[in-house]
Amino acid sequence: MSELPAERRMRFAPAPTGYLHLGSARTALFNWLAARSTGGTFLLRIEDTDLERSRPELVDVVFEALEWMGLDWDEPPIRQSAREDAHRAAIDDLLASGLAYWSDPVPESDRERTGGRAHDVADRDRNLGPGAGRAVRFRVDAEALGVTSVGWHDEIRGDISFDLEHIEDFVLRRADGSSTFFVANVVDDAHMRVTDVIRGEDLVNVTPKYLLLRRALGLEVADLRFAHLPLIVNERRKKLSKRRDDVSLLDYRDRGYLGEAMVNYLALLGWGPPDGQEIRVDPLHELPPLFRIEDVGESSATFDPAKLRHVDAEHIRALGSAQFLGRVRPFVEAAPWADRFRDELFAGVADEVQVRVETLAEVPDLVEFLFVEDPPVDDADWAAVSGGDAPSWLRVLADRMVDWPWRSADLHAGTTALAEELGTRLRNLQAPLRVALTGRRVGLPLFESMEVLGREECLRRVGSALGRLEADGS
RNA sequence: GCCCCCAUCGUCCAGCGGCCUAGGACGCCUCCCUUUCAAGGAGGUAACACGGGUUCGAAUCCCGUUGGGGGUGCCA
């Protein structure tokens with residue numbers, strides 16, 4: 001009888017800070033990918049033990065962000081705050097077995113005595129017991145623990161180990177009675193039967209403590225694996241900071257990025273598909289078969305907004321027409337002219353819009369001329385095209401437009417022929433017409449825009465441009 | 001200071017001892033296409049941090065140097 005492969009369980013354990021950090025989002029994604037690629041289970045644990053930061057609406061932000069990325073989890077999320085009894089019990093066990101002890105804080109003025117430390121290892125043997133201001137610390141003692149170093153084989157970075165002498169007696173229970181991250185983390189991971197701890201490289205240094213604690217608590221460690229992901233850094237090669245970098249995942253949604261593009265790009269930071277095909281229209285389905293946590297790189301990756309934009313543009317272009325309209329809707333609805341927006345008009349230029357934007361947020365600006373009475377005229381553009389023969393050209397154009405068949409191909413042909421007639425080139429003739437109709441000299445293809453705008457409206461706009469010219473001239 | 005980690009084009013990813021006169025992608029530049037702008041097509045620019053080993057042979061293995069990052073809390 002062959003053994004069934006043991007179930008692999010990975011978890012994402014964010015603290016509800018009110019926004020999901022880009023780095024956390026990537027950690028969530030890699031955990032999810034690791035789970036989905038191995039038939040594992042993806043779990044969620046909300047680390048909400050910090051009273052101030054456990055407000056329900058802050059937790060919802062985490063769910064909202066994960067849902068935006070399309071990441072789904074397999075079991076009901078665990079609230080760490082609901083497990084405080086278990087955390088306390090673990091500390092009591094350690095206290096009972098002598099691996100933890102009560103410790104008094106050492107005042108700043110008295111630190112020479114302790115080598116600068118905020119605690120005194122002499123407390124280990126004082127059998128202090130509970131008391132005001134007193135914390136419980138773990139006894140990192142080679143003799144008591146029977147080892148002189150702790151190490152593990154990291155799935156991403158290979159063997160890592162720390163000598164016990166470099167690990168301090170860390171706090172398990174604060175003076176206020178609350179448990180620290182170290183205990184909660186270990187106890188809850190064991191409770192959730194987590195087998196794969198996949199997290200950021202900034203947590204490498206707490207892993208020895210994790211391991212020590214886990215063993216001290218008699219919790220199984222044989223099948224435990226760790227993978228520490230390289231950090232995402234900014235162009236200065238520093239860890240992304242809330243202050244100077246755009247780190248909130250959902251802000252990218254609000255700025256017009258597609259969730260799947262974000263997922264696609266994030267997956268490319270520290271990893272790449274073996275076949276080299278970077279753009280994955282449906283990353284959530286395409287990536288799992290290709291992903292292996294051990295293929296993740298070990299050096300930090302710079303977050304490159306330019307490449308993100310490119311990936312987003314590719315995803316936008318891959319959208320079907322109906323999908324595109326659906327995705328765009330929230331952005332046009334936020335425009336000042338939202339009440340005048342009409343699907344039919346938009347549909348007439350949608351394809352042309354789609355290849356010209358990198359984010360959905362750029363759409364309104366491109367189609368505004370269709371939905372406002374009088375598009376604002378860009379002064380520089382107007383100045384650039386309204387001189388010379390432009391006034392007379394526009395007059396002729398206005399005349400001809402009256403009986404041209406109103407289809408883009410005919411408008412194109414008519415304007416081209418007229419350009420020749422006038423002894424100029426189409427590129428020159430279309431420029432003033434474009435500014436007259438849209439207010440700018442760059443924009444969507446002109447004749448397609450005219451068809452959608454309609455003859456009457458085009459004539460009206462050319463007419464007012466002519467009026468403006470007279471005013472300028474007088 | 002101490003501990004841990006990292007080191008290929010400006011950036012991301014390939015390369016896991018010979019296939020490398022180092023490949024792909026983003027960016028940038030040039031040209032083509034063209035109703036502006038895009039998109040698309042064709043080119044181009046640009047890297048193995050340095051020094052020692054090991055080996056017939058090193059971007060690939062080892063050591064050191066330098067550089068960078070992370071950590072060093074009764075934060076997580």
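All chains are named by letter (A, B, ...) in the order of the sequence lines, taking the proteins before the strands, and each is independently numbered beginning at 1.
The shortest distance between the side-chain N/O atoms of A:Arg45 and the OP1/OP2 oxygens of B:rA76 is not below 4.0 Å. One finds a side-chain N or O of A:Arg174 lying less than 4.0 angstrom from the OP1 or OP2 phosphate oxygen of B:rC75.
Listed nucleotides: B:rG73, B:rA76, B:rG70. Nearest to the side chain of A:Lys238: B:rG70. If you check B:rC4, B:rA76, B:rG71 against the side chain of A:Val204, the one that comes closest is B:rC4. Here the side chain of A:Ala175 is nearest to one of B:rG27, B:rC74, B:rA76, namely B:rC74.
For A:Glu260, the salt bridge (Lys or Arg N to Asp or Glu O under 4.0 Å) partners two or more places apart in sequence, or in a different chain, are A:Arg327. Partners of A:His228 according to the ring pair (Phe, Tyr, Trp, His ring centres under 6.0 Å) rule, which considers only residues two or more places apart in sequence or in another chain, are A:Trp152. Residues satisfying the side chain to side chain donor-acceptor pair (under 3.5 Å) test with A:Asn428, not counting sequence neighbours, are A:Thr424.
Following rounding to the nearest Å, A:Glu294 (CD) and B:rC16 (P) show an atom-to-atom distance of 16 Å. Separating the CZ atom of A:Arg157 from the P atom of B:rC5 is a distance of 9 Å, rounded to the nearest angstrom.
Taking for each of A:Val171 and A:Ile160 the nucleotide of RNA chain B with the nearest heavy atom, the 5'-most of the two is the partner of A:Ile160.
Note: A:Phe447 and A:His412 have parallel aromatic rings, judged against thresholds of 30 and 60 degrees for the angle between ring planes.
Judged as a salt bridge (charged side-chain N to carboxylate O under 4.0 Å, His left out), the pairs with a partner in residues 413-423 of chain A (not counting sequence neighbours) are, in order, A:Arg400-A:Glu421.
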N/O-N/O pairs, protein side and nucleotides 33-44 of chain B side, under 3.5 Å:
{"unit_1": "B:rU35", "atom_1": "OP1", "unit_2": "A:His412", "atom_2": "NE2", "d": "3.3"}
{"unit_1": "B:rU35", "atom_1": "O2'", "unit_2": "A:Gln430", "atom_2": "OE1", "d": "3.3"}
{"unit_1": "B:rU35", "atom_1": "O2", "unit_2": "A:Leu446", "atom_2": "N", "d": "3.1"}
{"unit_1": "B:rU35", "atom_1": "O4", "unit_2": "A:Glu448", "atom_2": "OE1", "d": "3.1"}
{"unit_1": "B:rU35", "atom_1": "O4", "unit_2": "A:Glu448", "atom_2": "OE2", "d": "2.9"}
{"unit_1": "B:rU36", "atom_1": "OP1", "unit_2": "A:Arg427", "atom_2": "NH1", "d": "3.4"}
{"unit_1": "B:rU36", "atom_1": "O4'", "unit_2": "A:Gln430", "atom_2": "NE2", "d": "3.1"}
{"unit_1": "B:rU36", "atom_1": "O2'", "unit_2": "A:Arg441", "atom_2": "O", "d": "3.2"}
{"unit_1": "B:rU36", "atom_1": "N1", "unit_2": "A:Arg434", "atom_2": "NH2", "d": "3.2"}
{"unit_1": "B:rU36", "atom_1": "O2", "unit_2": "A:Gly443", "atom_2": "N", "d": "2.7"}
{"unit_1": "B:rU36", "atom_1": "O2", "unit_2": "A:Gly443", "atom_2": "O", "d": "3.1"}
{"unit_1": "B:rU36", "atom_1": "N3", "unit_2": "A:Arg434", "atom_2": "NH2", "d": "3.4"}
{"unit_1": "B:rU36", "atom_1": "N3", "unit_2": "A:Gly443", "atom_2": "O", "d": "2.5"}
{"unit_1": "B:rU36", "atom_1": "O4", "unit_2": "A:Arg356", "atom_2": "NH2", "d": "3.4"}
{"unit_1": "B:rU36", "atom_1": "O4", "unit_2": "A:Pro445", "atom_2": "N", "d": "2.9"}
{"unit_1": "B:rC37", "atom_1": "O2", "unit_2": "A:Arg356", "atom_2": "NE", "d": "2.5"}
{"unit_1": "B:rC37", "atom_1": "N3", "unit_2": "A:Arg356", "atom_2": "NE", "d": "3.1"}
{"unit_1": "B:rC37", "atom_1": "N3", "unit_2": "A:Arg356", "atom_2": "NH2", "d": "2.6"}
{"unit_1": "B:rC37", "atom_1": "N4", "unit_2": "A:Arg356", "atom_2": "NH2", "d": "3.2"}
{"unit_1": "B:rA38", "atom_1": "O2'", "unit_2": "A:Val355", "atom_2": "O", "d": "2.8"}
{"unit_1": "B:rA39", "atom_1": "O3'", "unit_2": "A:Arg317", "atom_2": "NH1", "d": "3.4"}

- Task: Spell out protein contact along nucleotides 7-13 of chain B as letters: B when the base is contacted, S when just the sugar-phosphate is, - when no protein heavy atom is under 4.0 Å; keep the 5' to 3' order.
- Result: S---SSS
